[in-house]
Protein chains: 2
Amino acid sequence: MTFSHISHLSCAKCSFVYKPDEVHQLCRCGSPLLVNYDLSSISMKVKRAHLLNRSNDLWRYHELLPVQHPDNIVSLGEGMTPLLPMKKIGQEMGLPRLLMKDESLTPTGTFKARGAALGVSKAKELGVKAFVMPTNGNAGAAWSLYAAKAGIEAVIVMPVAAPPFIRSEVAATGSRLFFVDGLISDAGKMAAKAAADFHLYDASTLKEPYRIEGKKTMGYEIAEMMDWQVPDVIIYPAGGGVGLIGIYKAFRELQQLGWVDQGKMPRLVAVQSEGCAPIVKAWQEGKMESELWRDSKTVAFGINVPKALGDFLVLKAIYETNGFALSVNDEEILEEQKRIVQTEGAFVCPEGAATFLAARKLGNAGVIDQKDTVVTVNTGMGLKYLHVDEQNTPVLQRDGYIKSLIDE
Amino acid sequence: MTFSHISHLSCAKCSFVYKPDEVHQLCRCGSPLLVNYDLSSISMKVKRAHLLNRSNDLWRYHELLPVQHPDNIVSLGEGMTPLLPMKKIGQEMGLPRLLMKDESLTPTGTFKARGAALGVSKAKELGVKAFVMPTNGNAGAAWSLYAAKAGIEAVIVMPVAAPPFIRSEVAATGSRLFFVDGLISDAGKMAAKAAADFHLYDASTLKEPYRIEGKKTMGYEIAEMMDWQVPDVIIYPAGGGVGLIGIYKAFRELQQLGWVDQGKMPRLVAVQSEGCAPIVKAWQEGKMESELWRDSKTVAFGINVPKALGDFLVLKAIYETNGFALSVNDEEILEEQKRIVQTEGAFVCPEGAATFLAARKLGNAGVIDQKDTVVTVNTGMGLKYLHVDEQNTPVLQRDGYIKSLIDE
């Protein structure tokens with residue numbers, strides 16, 4: 001049995017073709033490469049029911065993933081995160097069929113582990129010994145840990161303004177870490193220069209073709225966990241947008257395999273922060289690419305991406321699925337986050353809270369119908385961003401006791 | 001079909017029997033209650049293969065759990081955490097068949113979510129409106145979140161010396177939080193008084209009978225993920241010891257069901273910190289109960305429990321499985337934690353690192369054989385305890401670049 005049915009890489013813009021068993025970064029035209037599979041061969045050999053007996057992680061979809069030999073898999077148990085009904089908050093916002101794909105139950109606590117698992121495994125298969133990557137934090141933490149397991153050296157460049165917690169997490173992995181007094185775009189320039197200067201593999205978003213293959217498994221899992229029904233709407237917090245590109249790719253592949261209804265795609269919604277909304281602006285203007293967003297700023301640190309290399313793919317996915325793009329403000333995000341934790345017990349990250357807020361707004365505006373099945377993607381743990389005022393908590397002495405439960 | 005095959009509660013010491021559909025705390029003799037099931041009826045109706053088509057969480061074992069109506073389930077997607085081969089570090093310590101049950105991939109990032117899911121769901125089923133619980137932190141965070149989802153009021157009492165991060169996590173849930181300038185035993189006394197004063201359900205460890213039913217599912221999952229083979233050794237970091245009691249109960253139940261080899265139990269190993277090792281001391285002295293450990297102190301905050309209510313059950317499980325108890329020191333724990341993250345990419349908590357250290361020591365001492373399949377239980381994310389010195393990380397200016405990868 002063939003483990004992976006990868007056939008070739010192709011440029012997302014000019015369609016130029018590359019071999020799958022060589023190290024590639026961007027296309028010679030400067031655009032990202034996508035991975036292609038022999039889907040007709042997979043559809044003959046693999047049935048949906050075969051998945052039931054497989055490993056309880058994203059590697060259950062191995063024919064549709066790029067790693068050609070199982071020995072090269074570097075796994076920390078990623079994938080098969082829950083798809084949870086959000087009944088109380090869904091009822092409250094008039095969307096009773098609201099679900100959350102909860103990526104907080106992932107190694108390192110964020111969905112970045114999916115991209116890192118595939119990216120690092122394939123790098124190992126291709127013989128890569130060291131890589132450099134710019135990151136807003138969570139991707140750097142994930143790639144560092146998978147690199148440690150693979151025995152690959154990781155050089156990480158991240159904004160010094162990243163959440164302190166995530167900074168410390170990356171430091172703990174033993175990677176070569178550099179902070180930059182600037183944004184991820186500044187970190188990206190330094191990574192590119194270091195890649196050239198020190199002959200390192202450049203693991204920047206979409207400069208390597210494989211993380212998208214990890215993130216697309218969110219789409220497979222949503223379909224499998226809905227018993228191969230296609231949801232009406234999927235809402236995703238778009239920074240680099242790789243998850244949204246991946247989910248789009250996943251559903252197109254599932255259609256070609258005949259595993260889902262071939263006439264229905266989920267409407268894909270990108271949500272950004274008002275402090276950094278280049279894709280929303282481009283979508284509102286009907287454009288195919290975004291422009292650099294100056295002086296970007298948001299509490300949802302993971303979506304502070306002023307110009308995404310894959311913006312044109314995100315916009316294409318939105319246009320082709322009759323989707324939507326909208327921005328929300330930081331204050332509303334934090335209110336929504338609090339509402340979610342206190343009604344649903346889910347401590348989602350600000351990016352995840354933004355998807356709930358988007359559902360609420362699109363429901364109110366009539367863009368989403370109350371009959372729609374709506375999947376929000378919570379990309380990580382709220383815990384990793386924690387700044388909570390606990391100064392009002394009473395401190396009891398060792399011989400004290402609780403005198404009252406009534407607020408004074 | 002009967003959803004739960006619960007039959008009755010019985011005292012772990014005097015065997016007095018209680019009905020399953022009433023609120024109970026401790027037995028009238030002061031000992032913890034255990035849940036019993038009609039196992040012969042389950043073994044006739046349920047086959048192991050039925051599990052394959054079930055939900056990807058601990059509720060797949062619902063006949064063996066106490067919640068009688070599925071509507072009462074309060075779930076955040078807990079259970080079915082990975083059982084990961086730890087090849088590199090296993091080879092290095094001479095135990096090539098080393099595995100880790102990784103509980104960091106659980107809502108709230110620790111195994112406490114299992115106990116909270118069952119405890120809160122059953123409390124909801126029994127009509128409980130409010131509870132109080134003392135906690136070292138992680139259990140309080142988990143119970144707070146499940147309570148929020150269930151709409152039950154939670155009053156939490158925890159040592160002010162708990163990791164700042166976990167303190168803030170509990171504060172974020174909106175529970176009624178009290179800090180105490182003392183240990184969990186002090187918090188326990190205050191919780192007991194508050195339970196009496198304000199007529200609250202006391203959700204202290206083993207004062208409610210159901211969290212153990214959540215934790216035992218770790219045992220079911222280990223067996224199912226090993227294709228119903230019984231591992232030779234399971235190593236568990238014992239504080240209150242409920243997980244170890246639960247794993248023991250799980251394997252006994254699986255034996256009675258005929259789902260695993262009826263002649264083999266895993267050897268159960270309890271690891272504690274040298275700064276708080278009451279169960280190790282009792283085991284070394286061949287006793288059936290532990291004594292209060294004075295001035296306890298350890299970096300592994302979750303196992304800082306000076307006297308566990310269920311100590312006699314932990315000791316019984318160790319004796320009956322030809323197990324072992326040992327203590328390790330904090331310095332070694334932190335070294336092992338670093339070794340694990342940098343070789344296996346797994347950022348385990350100090351308690352989890354202690355189980356690896358125990359494997360290493362027992363392997364060296366010949367207590368564990370190199371042919372043994374050894375499962376370490378990592379009870380949570382290292383992230384939640386993070387204190388890392390990152391002061392040596394260079395900060396690059398916006399127009400700077402990485403000048404060298406060689407340490408100066």
Side-chain angles (χ1 to χ4, degrees), chain A residues 52-53 56-57 75-77 80-82 84 102 104-109 145-146 148-149 155 157 160 165 167-169 171-174 176-182 186 190 193-194 197-198 341-347 381-384 386 388 390 393-398 400-402 405, chain B residues 52-53 56-57 75-77 80-82 84 102 104-109 145-146 148-149 155 157 160 165 167-169 171-174 176-182 186 190 193-194 197-198 341-347 381-384 386 388 390 393-398 400-402 405:
Chain A
L52 289 178
N53 276 305
N56 186 43
D57 56 35
S75 175
L76 296 169
M80 292 302 277
T81 57
L84 297 167
D102 191 0
S104 65
L105 299 191
T106 309
T108 75
L145 286 165
Y146 284 88
K149 188 162 180 88
V155 180
V157 192
V160 72
F165 199 61
R167 287 206 316 253
S168 299
E169 185 187 12
T173 64
R176 294 298 308 260
L177 175 60
F178 295 87
F179 292 136
V180 52
D181 184 17
D186 302 301
M190 292 177 198
K193 180 161 166 54
D197 289 352
F198 305 110
V341 72
Q342 296 184 0
T343 59
E344 293 288 353
F347 196 0
M381 299 182 90
L383 214 58
K384 294 187 82 172
L386 202 63
V388 174
E390 52 167 27
T393 301
V395 179
L396 305 165
Q397 294 310 301
R398 212 176 266 254
Y401 65 96
I402 299 170
L405 290 178
Chain B
L52 289 178
N53 276 303
N56 186 43
D57 55 36
S75 176
L76 295 169
M80 292 303 276
T81 57
L84 297 168
D102 192 1
S104 65
L105 300 190
T106 309
T108 75
L145 286 164
Y146 284 87
K149 187 159 181 89
V155 180
V157 192
V160 73
F165 198 60
R167 288 206 317 255
S168 299
E169 185 187 13
T173 63
R176 294 300 306 262
L177 176 60
F178 295 87
F179 293 136
V180 51
D181 184 17
D186 302 302
M190 292 175 198
K193 181 162 165 51
D197 288 354
F198 305 110
V341 72
Q342 295 184 1
T343 59
E344 294 288 353
F347 196 0
M381 300 182 88
L383 214 57
K384 294 186 82 171
L386 202 63
V388 175
E390 51 166 28
T393 301
V395 179
L396 304 166
Q397 294 310 303
R398 211 174 268 253
Y401 64 98
I402 298 171
L405 289 178

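For clarity, every value in this text was computed on a predicted model and none was experimentally measured. Below, chains carry the letters A, B, ... as their sequence lines are ordered, and counting in each starts from 1.
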- Item | Largest heavy-atom contact set with chain B, pairs under 4.5 Å, which of A/Ala346, A/Pro107, A/Ser75 | A/Pro107
- Side chain / backbone / both / neither for A/Tyr146 at chain B, heavy atoms under 4.5 Å: neither
- Query: So what's closer than 4.5 Å to chain B heavy atoms on A/Leu105: side chain, backbone, both or neither?
  - Reply: both
- Message: Run the side-chain hydrogen bond (donor to acceptor under 3.5 Å, both in side chains) test against A/Ser104 and tell me which residues pass, sequence neighbours left out.
- Response: A/Asp102
- Any side-chain heavy atom of B/Met381 sitting closer than 4.5 Å to one from A/Met381? yes
- Note on the structure: Turns out that what part of B/Asp57 lies under 4.5 Å from chain A's heavy atoms comes down to neither
- Query: Where do B/Thr173 and A/Gln342 come nearest, in terms of heavy atoms and distance?
  - Reply: O-CG, 3.4 Å
- Query: With only heavy atoms counted, which part of B/Thr108 is less than 4.5 Å from chain A, the side chain, the backbone, both or neither?
  - Reply: backbone
- Among A/Gly182, A/Ala148, A/Pro82, who wins on heavy-atom pairs under 4.5 Å with chain B? A/Ala148
- Message: Need one label for B/Leu76: side chain, backbone, both or neither, based on atoms under 4.5 Å from any heavy atom in chain A.
- Response: both
- Of A/Leu84, A/Val341, A/Asp197, the largest count of non-hydrogen pairs under 4.5 angstrom with chain B goes to A/Leu84
- Note on the structure: The reported gap from CD in B/Glu344 to CG in A/Leu145 (rounded to nearest 0.5 angstrom) is 11.5 Å
- Item | Those residues that, when tested against B/Asp181, pass salt bridge (Lys or Arg N to Asp or Glu O under 4.0 Å) (two or more places apart) | none
- So which of B/Thr106, B/Val160, B/Val155, B/Thr343 has the largest heavy-atom pair count under 4.5 angstrom toward chain A? B/Thr343
